[in-house]
Trainee: 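Dropping the structure in here first, questions after.
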Amino acid sequence: MKLKVLPKSQRKHTHYLVLDIKSEEVLSKNDFTSIVWDSCVRFQGENNTSNFSLWTIELIKNENVSFFNEYKAILRCQRGFEDEVRSCLALTHNYNRKRISITCIGISGTIKGCSKFI
């Protein structure tokens, strides 16, 4: 029996956050995902964080030589919860006792629209 796909009108609407990350430590996609989830759970709690529908789409390392490791990331969240996610990420300042800074560059409704921020 074939699975039925939900029509577009019944799917959750999502937005994509483009993030600029500066870290003293080298990050992987799994590390970044755990940073995002931990900061959201700490600030908003488990109940609200489950409503965010967070998903890391892409983590891109910049090749600029500087004191920090610089990354760009695309993070998917449910529409209407962008400000809560941005506030949680702004409060994150360390990971494994190393400094980290996460700032939101832009918000887009599509992944293709995120390309103008990267």
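The first residue of the sequence shown is numbered 1, and numbering continues consecutively from there.
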Trainee: Going only through I, L, V, M, F, W and Y residues with side-chain contacts under 4.5 Å, is there a path from Ile118 to Ile107?
Mentor: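 Different hydrophobic clusters.
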
Trainee: Are the side chain of Ser108 and the backbone of Tyr16 linked by a donor-acceptor contact shorter than 3.5 Å?
Mentor: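 Looks like no, no N/O pair under 3.5 Å.
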
Trainee: To check you understand the geometry: which heavy-atom pair defines the closest contact between Cys40 and Thr49, and what is its length?
Mentor: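 That would be O-OG1, 3.1 Å.
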
Trainee: When rounded to the nearest 0.5 angstrom, what distance separates OG1 in Thr14 from CG in Leu54?
Mentor: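 CG of Leu54 is found 11.5 Å from OG1 of Thr14.
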
Trainee: Evaluate the side-chain contact (heavy atoms from CB on, under 4.5 Å) criterion for residues Phe52 and Gln44: first the C-alpha distance (whole Å), next the side-chain angles of each, then the deciding distance (0.1 Å), finally the verdict.
Mentor: CA-CA 10 Å; Phe52 296 166; Gln44 292 287 331; 3.7 Å; yes

Trainee: Leu27, Leu19: one ILVMFWY side-chain cluster at the under-4.5 Å cut-off?
Mentor: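 Yes, Leu27 and Leu19 fall within the same hydrophobic cluster.
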
Trainee: What distance separates Leu59 CG from Ile21 CD1, expressed to the nearest 0.5 Å?
Mentor: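 With rounding to 0.5 Å, CG (Leu59) is 5.5 Å from CD1 (Ile21).
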
Trainee: Looking at Tyr95 and Ile100, would you say the former's side chain and the latter's main chain have a donor-acceptor pair under 3.5 Å?
Mentor: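 No; zero donor-acceptor contacts below 3.5 Å.
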
Trainee: Sort out for me which residue in Ile102, Asn62, Val26, Ile60 forms a side chain to side chain contact (heavy atoms under 4.5 Å, CB included) with Tyr71.
Mentor: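 Passing option: Val26.
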
Trainee: Under the criterion side-chain contact (heavy atoms from CB on, under 4.5 Å), I'd like the reasoning laid out for Asn69 against Lys98: C-alpha separation, chi angles, the key distance, then a yes or no.
Mentor: CA-CA 12 Å; Asn69 296 311; Lys98 301 287 184 179; over 6 Å; no

Trainee: For the pair Arg86 (side chain) and Cys104 (backbone), establish whether a donor and an acceptor sit closer than 3.5 Å, ignoring hydrogens and angles.
Mentor: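 Not at all, since once roles are kept as given, no pair shorter than 3.5 Å links the two residues.
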
Trainee: Between Lys29 and Asp31, does any side-chain N to carboxylate O distance fall below 4.0 Å?
Mentor: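 Between Asp31 and Lys29 there is no salt bridge, as every charged N stays at least 4.0 Å from the carboxylate O atoms.
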
Trainee: Any chance you could measure Ser101, atom OG, to Asp20, atom CG, to the nearest 0.5 Å?
Mentor: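 One gets 7.5 Å once the value is rounded to the nearest 0.5 Å.
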
Trainee: So, using salt bridge (Lys or Arg N to Asp or Glu O under 4.0 Å) as the criterion, who are the partners of Arg99 when residues are at least two apart?
Mentor: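 Only Glu24 meet the salt bridge (Lys or Arg N to Asp or Glu O under 4.0 Å) criterion with Arg99.
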
Trainee: State which residue, out of Arg76, Gln78, Arg79, Glu82, fulfils the side chain to side chain donor-acceptor pair (under 3.5 Å) condition with His15.
Mentor: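 Going through Arg76, Gln78, Arg79, Glu82 one by one, the side chain to side chain donor-acceptor pair (under 3.5 Å) with His15 is satisfied by Glu82 alone.
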
Trainee: Are Trp37 and Phe32 linked, directly or through other ILVMFWY residues, by side chains that come within less than 4.5 angstrom of each other?
Mentor: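 Result: yes, single cluster for both.
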
Trainee: Taking atom CG of Leu89 and atom CG of Leu17, what is their separation to the nearest 0.5 Å?
Mentor: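 It is 7.5 Å, given to the nearest 0.5 Å.
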
Trainee: Linking I/L/V/M/F/W/Y whenever any side-chain heavy atoms sit under 4.5 Å apart, do Phe117 and Ile57 land together?
Mentor: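 Result: yes, single cluster for both.
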
Trainee: Are Ile111 and Leu75 linked, directly or through intermediate hydrophobic residues, by side-chain heavy-atom contacts shorter than 4.5 Å (ILVMFWY only)?
Mentor: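 Result: no, two separate clusters.
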
Trainee: Are Phe43 and Ser87 close enough, and set up right, to give a side-chain contact (heavy atoms from CB on, under 4.5 Å), and what steps lead you there?
Mentor: CA-CA 9 Å; Phe43 187 64; Ser87 63; 3.6 Å; yes

Trainee: Within a reach of under 6.0 Å around CZ of Arg97, are more than 12 heavy atoms found that belong to other residues, nucleotides or ligands?
Mentor: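 Count not over threshold, so no.
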
Trainee: Just wondering, are more than 12 heavy atoms of other shown residues or ligands nearer than 6.0 Å to NZ in Lys61?
Mentor: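 Yes, because the 6.0 Å sphere around NZ of Lys61 holds more than 12 heavy atoms from other groups.
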
Trainee: How many angstroms lie between atom CZ of Arg42 and atom CG of Leu91, to the nearest 0.5 angstrom?
Mentor: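 Separation between the atoms: 10.0 Å.
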
Trainee: Rounded to the nearest 0.5 Å, what's the gap from CD1 on Ile35 to OG on Ser39? Could you check?
Mentor: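 If we round to the nearest 0.5 Å, Ile35:CD1 and Ser39:OG are 8.5 Å apart.
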
Trainee: Assess the residue pair Glu25 and Asn96 against the criterion (side-chain contact (heavy atoms from CB on, under 4.5 Å)); give the C-alpha distance rounded to whole Å, side-chain angles, the decisive distance to 0.1 Å, and a yes or no.
Mentor: CA-CA 9 Å; Glu25 188 172 300; Asn96 287 344; 3.4 Å; yes

